[in-house]
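This one's a predicted model, so the numbers in the text were calculated from it and none came from an experiment. Throughout, residue positions are numbered sequentially from 1 according to the sequence presented.
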Amino acid sequence: MTLHAQEQTLDAELVAERAHLDTSREALRRMRERAESLFATGDKVAGDAYTAEQLGRHMARRVKELADDPTTPLFFGRLDFGETDPDHAGRDYHVGRRHVTDELGEPLVLDWRAPVSRSFYRASARDPQGVAVRRRFGFSTGVLTSFEDERLDRGEELGTASRILTAEIERPRVGPMRDIVATIQPEQDELVRADLADSICVQGAPGTGKTAVGLHRAAYLLYLHRERLRRSGVLIVGPNRAFMSYIAAVLPALGEVEVEQATVEDLVARVPVRAVDAPAVATLKHDVRMAETLRRAVDAHIGTPTEPIMVSDGSFRWRIGLDPLHRLVEETRREDLPYATGRDRVRARVVGLLQRQSEARRAESPSDAWLRRMSRAKPVTEFLDAVWPALTPEGLLHRLRTDPEALAAATDGLLTAEEQELFRSGPVGRTPKATRWTAADAVLIDEAAGLLERPAGFGHVVVDEAQDLSPMQCRAIARRSEHGSITLLGDLAQGTAPWAATDWRESLAHLGKPDASVVPLSIGFRVPAAVVAFANRLLPALAVDVPPAQSLRRDGALDVRTVEDLTAAAVAEVRAALAHDGSVGVIAADDMVDRLRAALADAGVPTATADDVEAAERVTVVPATLVKGLEYDHVVVVEPAAIVAAEPRGLHRLYVVLTRAVSRLAVLHREPLPAPLAG
């Protein structure tokens with residue numbers, strides 16, 4: 001075939017693919033209109049109010065799931081199977097973000113999570129999996145512009161040399177995080193498609209896509225176990241509101257609109273946080289010894305019966321002796337129930353003993369009204385308050401803060417006298433309601449609440465930036481995933497909290513998943529090699545056992561220079577960065593942020609804040625303490641020495657800051673660079 005003939009063939013195929021895209025979008029529009037019609041008329045076809053409500057919720061969810069974004073490709077790949085494949089011989093399938101069918105129900109686009117779509121990510125020249133040709137599509141704002149083929153049946157495979165794959169990975173990014181369904185790599189796909197029963201921990205170096213892996217695993221599990229997880233729920237936990245805003249659009253773009261997303265602070269928000277602990281106090285409160293302290297404090301409220309119960313119902317006087325009362329309290333204690341459930345159980349057993357006496361005397365069962373009256377009778381409630389008094393989480397912690405003897409008893413052999421004094425330090429109100437609680441107090445109150453009542457759990461929980469979770473925060477998540485699985489995501493080198501993890505096994509034990517697999521991801525696709533190499537200079541000083549990050553990106557730029565005027569240099573660097581496509585992040589120590597924003601405003605450069613990911617401005621000024629998990633095409637780091645000096649784990653924070661750039665990194669400093677970087 002001549003070159004001209006080849007070009008004509010390719011042009012014809014491009015026209016055909018564009019026509020298929022138009023057909024698919026029209027089919028998706030019909031599917032959405034059908035769902036909207038059913039939503040509008042659901043109350044007329046349903047047999048009763050409950051069915052109408054359920055149908056309405058289902059169709060409202062379906063309408064959201066079928067939303068189409070014309071700037072996003074409806075499909076990104078195609079699989080052509082060979083004639084010898086036993087299941088799909090001679091068939092071709094377009095692979096995209098959701099399932100689209102024609103009016104006869106035939107698939108126009110296969111969901112990327114469908115079993116056959118696995119071959120798009122896993123097939124190779126060595127193992128074609130029946131695929132003759134894998135095609136990738138290039139798009140620009142939703143318009144199909146190009147395609148490239150890999151003839152796997154002939155041993156042709158582009159891998160990371162794929163022009164389209166590389167362009168998608170390196171595409172400038174402004175606004176919230178996007179999905180990566182078009183660029184998932186085989187090692188990522190293996191984690192994404194892990195079984196629901198499996199808990200996994202991903203130790204991911206910067207730029208390896210660990211966050212995307214966790215979010216896409218949630219989407220995959222919802223596809224595979226739709227009804228089960230719709231009942232039990234999926235929870236995404238992140239480090240702060242800025243991060244949660246950044247990732248919030250990923251799952252809805254994949255058609256998953258009913259996933260709960262929260263910070264740890266959101267999960268434990270039983271009380272308003274209106275005070276701040278001293279660092280040493282906060283560290284102590286996050287220590288796992290607090291769990292045993294609170295358990296002992298709860299157990300200390302369970303008493304021993306001291307006298308029989310005498311109850312009158314107006315006709316007879318009933319008596320329960322000490323021995324049966326002792327037995328029912330001990331039986332209940334041995335059942336290891338949540339404390340509030342145990343209190344209800346004790347009350348029910350007392351009433352049960354009274355009921356049996358009544359049945360023996362009257363030869364008939366007492367009425368429900370009689371049983372309710374007995375459960376509220378003063379002798380019964382007085383007995384209950386004596387041996388199993390009602391507790392509140394706030395009241396329990398308040399007593400430990402204000403009663404030295406109660407604290408000493410609960411921490412005997414756990415805390416030293418100095419630690420007990422430290423725990424009780426700081427102002428505390430006369431009552432729980434009058435107390436100004438701290439963030440660490442909220443975690444302890446949640447622990448206490450878990451001892452009193454069992455919280456509702458989720459079928460699957462994804463935890464990102466998990467290296468900064470304290471043992472007590474891990475326990476808060478564990479209570480919500482006791483009967484489900486977890487995906488733990490993090491990087492020990494990026495641990496910045498005083499209690500940051502140094503061994504994933506310890507964190508997994510606190511999370512109740514000690515047998516979870518720990519899988520390292522060290523090959524990065526987002527952060528350029530020059531930037532990774534510069535940041536890796538810090539690793540020996542971070543005292544963590546993680547493999548150094550590696551990058552397949554040979555593009556990008558690194559510029560490290562000494563300047564006299566940090567503010568003026570930062571403004572000039574931002575102006576230069578705006579000549580390129582993509583987002584610009586200016587990162588500095590927290591106390592420098594306002595000054596930098598003001599200078600940029602004076603220079604006519606509008607800026608956004610870290611938690612305003614939908615802002616139209618391309619430039620964001622971010623405090624170093626809030627940048628974890630975020631990324632920008634061009635990053636300007638202002639005065640690394642100030643970032644390091646701002647907190648005890650400042651070098652870890654600087655490692656986070658330096659690895660936020662996905663194209664270009666400029667480091668501006670007046671003070672000498674920290675020693676590991678200077679080398």
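Between the side chains of Arg347 and Ser375, no donor N or O sits under 3.5 Å from an acceptor N or O.
Asp545 is not listed as a side-chain neighbour of Leu492, based on a closest heavy-atom distance of 4.5 Å or more. Taking 4.5 Å as the limit, some side-chain heavy atom of Trp504 sits within range of a side-chain heavy atom of Gln467. A heavy-atom distance below 4.5 Å is not found between the side chains of His652 and Val656.
Using a 4.0 Å cut-off between charged side-chain N and carboxylate O, Arg480 and Asp446 make a salt bridge. Look at Glu331 and Arg334 and you find no salt bridge, because none of the NZ, NE, NH1 or NH2 atoms lies under 4.0 Å from a carboxylate O. Under the 4.0 Å criterion applied to side-chain N and carboxylate O atoms, Arg289 and Asp412 are not assigned as salt-bridge partners. Using a 4.0 Å cut-off between charged side-chain N and carboxylate O, Arg193 and Asp189 make a salt bridge. Contact check on Arg241 versus Asp266 returns a salt bridge, with a Lys/Arg side-chain nitrogen under 4.0 Å from an Asp/Glu carboxylate oxygen. Comment: Glu256 engages Arg113 in a salt bridge, judged by a side-chain N to carboxylate O separation of less than 4.0 angstrom.
No more than 12 heavy atoms of other residues, nucleotides or ligands lie within 6.0 Å of CZ in Arg430, so this atom counts as exposed by the packing criterion.
Of the listed residues (Asn240, Thr659, Asp491, Thr496), just one forms a side chain to side chain donor-acceptor pair (under 3.5 Å) with Lys628, and that residue is Thr496.
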Atom pairs and distances, side-chain donor-acceptor, residues 320-327, under 3.5 Å, sequence neighbours left out:
residue	atom	partner	partner atom	Å
His326	NE2	Pro305	O	3.4

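Here the straight-line distance linking atom CG of Leu444 with atom CZ of Arg475 works out to 11.0 Å at 0.5 Å rounding.
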